[in-house]
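Beneath this line is the structure, given in structure tokens, with notes to follow.
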Amino acid sequence: MWSTYIDVALLSSPVLAFLTVQHPKMHSKPSNLQYFLFTFVSLLLLRYAASTYFGTSEQILLGTCTTVDQPNPIASLYPNNATGTLNGTVAVIPISLKLARQLIPPQYGILEHAYRALLPNFPRGMYPAIVQALHDHEVQAFGYKIDDFTRTGIEFPFVDLLNDNHTSFKWAPSLIMSAGHEIALKGAADYGTNVFPASFEPGCDAYRAVPKAKKPRTTSFSALSLDSAASLTTLFSSTEEEHFPLSFFKNFTNQPTFADGKTCDNMIRLFNTSLTTAPNGIERVKGTVRANIHPFGGEQEWRGVYGLRMDTAFIENNYLNCEDFRGYDGLE
Ligand SMILES: *[C@@H]1O[C@H](CO)[C@@H](O)[C@H](O)[C@H]1NC(C)=O
Ligand SMILES: *[C@@H]1O[C@H](CO)[C@@H](O)[C@H](O)[C@H]1NC(C)=O
Ligand SMILES: *[C@@H]1O[C@H](CO)[C@@H](O)[C@H](O)[C@H]1NC(C)=O
Ligand SMILES: *[C@@H]1O[C@H](CO)[C@@H](O)[C@H](O)[C@H]1NC(C)=O
Ligand SMILES: *[C@@H]1O[C@H](CO)[C@@H](O)[C@H](O)[C@H]1NC(C)=O
């Protein structure tokens, strides 16, 4: 839109100059021609900058912007499965069990004994909700690769979908996702997920370093829905504290995931590829999450949230019968 205005200005600029040069009064000022040349060149530069800038955001929507993410290391191992990589941050947001009970649909139990078995010291009366802020990279199957995209949301693990008091499922009711990526948006909506097309900062990477931050290795991520109030921002710094064991993250990230409960998504995140086993492949982080996303009412802020910043490869099996996961404990 701006570039159009500038184009109009550029087109009329020679006309203005002509009028200026022809005008008797102005003719007497030799600097007018210089001024005209200066504005013409300025507009030309701005036009160039605008097309570069706006071209970039169009490229983000089209998914052609470049990422620094490492390639998918398992595509050739599982050529007939959907595989990809997930780079980003996953963190635990402790909320009261009472609030969890209000947010999670009443027909599903919460497997408190399951998360307590993994986290014996987790505070009484609390429940571990999860935030994930991830960049999906080189997602492919049968040699077809889709464009990268970004997504974020708050998820609820250890949900007793089958009412067997044993199998943990993860309820992921809402996702804020890259606008314009019709395949990913539809893929999530088909689970009954509330999908919020959004713009992200950074546009095509998992997070961005915050220059001159006081805390070590501070990074930011933000998502803003284009057509609703949904948003989510994070600020994380590295920490030495091992607040939750890695086994806990492995456990809940690999729980079958559902939204409306009609079908289940089996996302298998692998912690044993070169992406994750590299030195500093998994970084412990602590920070702040601010979110305005269903099923929470209004904006929330959680400080002192602990998580992991990492890149993992994944295999994804979509739209499965949830009942088939009865007794499923995840891979190890
Ligand atoms: C994950 O993303 C961050 C931020 O863009 C990048 O610095 C890092 O190299 C990525 N990790 C891998 C293994 O690609
Ligand atoms: C790959 O896909 C096949 C067919 O959908 C499925 O049976 C198999 O379990 C998948 N492999 C993995 C490792 O998930
Ligand atoms: C995940 O945790 C549950 C509950 O403690 C346990 O039954 C299950 O075996 C764990 N799965 C893995 C892969 O560790
Ligand atoms: C569910 O299983 C746990 C652990 O085995 C047990 O302590 C609890 O009483 C069970 N709950 C119900 C409702 O059966
Ligand atoms: C990595 O883990 C997966 C799932 O646990 C397993 O199937 C695979 O064999 C492992 N790969 C390597 C190289 O250990």
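Order of appearance sets the numbers: ligands from 1, and atoms from 1 within every ligand.
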List below, pair by pair, the N or O atoms of ligand 4 and of the protein that are less than 3.5 Å apart, including the distance to 0.1 Å; reply 'none' if no pair qualifies.
from: ligand 4; atom 1: 2 (O); to: N165; atom 2: ND2; distance (Å): 2.4
from: ligand 4; atom 1: 11 (N); to: N165; atom 2: ND2; distance (Å): 2.9
from: ligand 4; atom 1: 14 (O); to: N165; atom 2: ND2; distance (Å): 3.3

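Sorted by first then second residue, the salt bridge (charged side-chain N to carboxylate O under 4.0 Å, His left out) pairs that include residues 201-214, not counting sequence neighbours, are E201-R208.
Taking only nitrogen or oxygen atoms, main chain and side chain alike, Y78 does not reach within less than 3.5 Å of ligand 5.
Taking the six-membered ring for Trp and thresholds of 30 and 60 degrees, F252 and F248 have ring planes more than 60 degrees apart, a perpendicular arrangement. Taking the six-membered ring where the residue is Trp, W302 and F296 present perpendicular rings, their angle passing 60° and hence far from 30°. Note on ring orientation: taking the six-membered ring where Trp is involved, the planes of F258 and F169 are perpendicular (angle over 60°, cut-offs 30° and 60°). A perpendicular orientation is assigned to the rings of F325 and Y328, their planes being inclined by more than 60° (bins at 30° and 60°).
Every salt bridge (charged side-chain N to carboxylate O under 4.0 Å, His left out) that E155 has, sequence neighbours left out, goes to K170.
For ligand 1, the atoms sitting less than 4.0 Å from at least one non-hydrogen atom of Y207 are 1 (C), 2 (O), 3 (C), 4 (C), 5 (O), numbered in the order shown with element in parentheses. Counting the atoms of ligand 1 from 1 in the order shown, those under 4.0 Å from a heavy atom of D205 are 5 (O). Counting atoms of ligand 5 from 1 in the listed order, those under 4.0 Å from a heavy atom of L270 are 2 (O), 3 (C), 4 (C). With ligand atoms numbered from 1 in the order given, ligand 1 contributes 5 (O), 6 (C) to contacts under 4.0 Å with heavy atoms of V68.
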Extract all donor-acceptor atom pairs below 3.5 Å that involve side chains of residues 101-111 and protein atoms in other chains or at least two apart in sequence.
from: R101; atom 1: NH1; to: Y108; atom 2: O; distance (Å): 2.9
from: R101; atom 1: NH2; to: I104; atom 2: O; distance (Å): 3.2
from: R101; atom 1: NH2; to: P105; atom 2: O; distance (Å): 3.1
from: R101; atom 1: NH2; to: Y108; atom 2: O; distance (Å): 2.9

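The proximity of N87 to ligand 1, defined as any non-hydrogen pair under 4.0 Å, is limited to the side chain. Contacts with ligand 5 closer than 4.0 Å are made by no heavy atom of I268, backbone or side chain.
Counting only N and O atoms by type, the side chains of R269 and T312 include a donor and acceptor under 3.5 Å apart.
In summary, the aromatic rings of Y127 and Y115 are positioned with their centroids under 6.0 Å apart.
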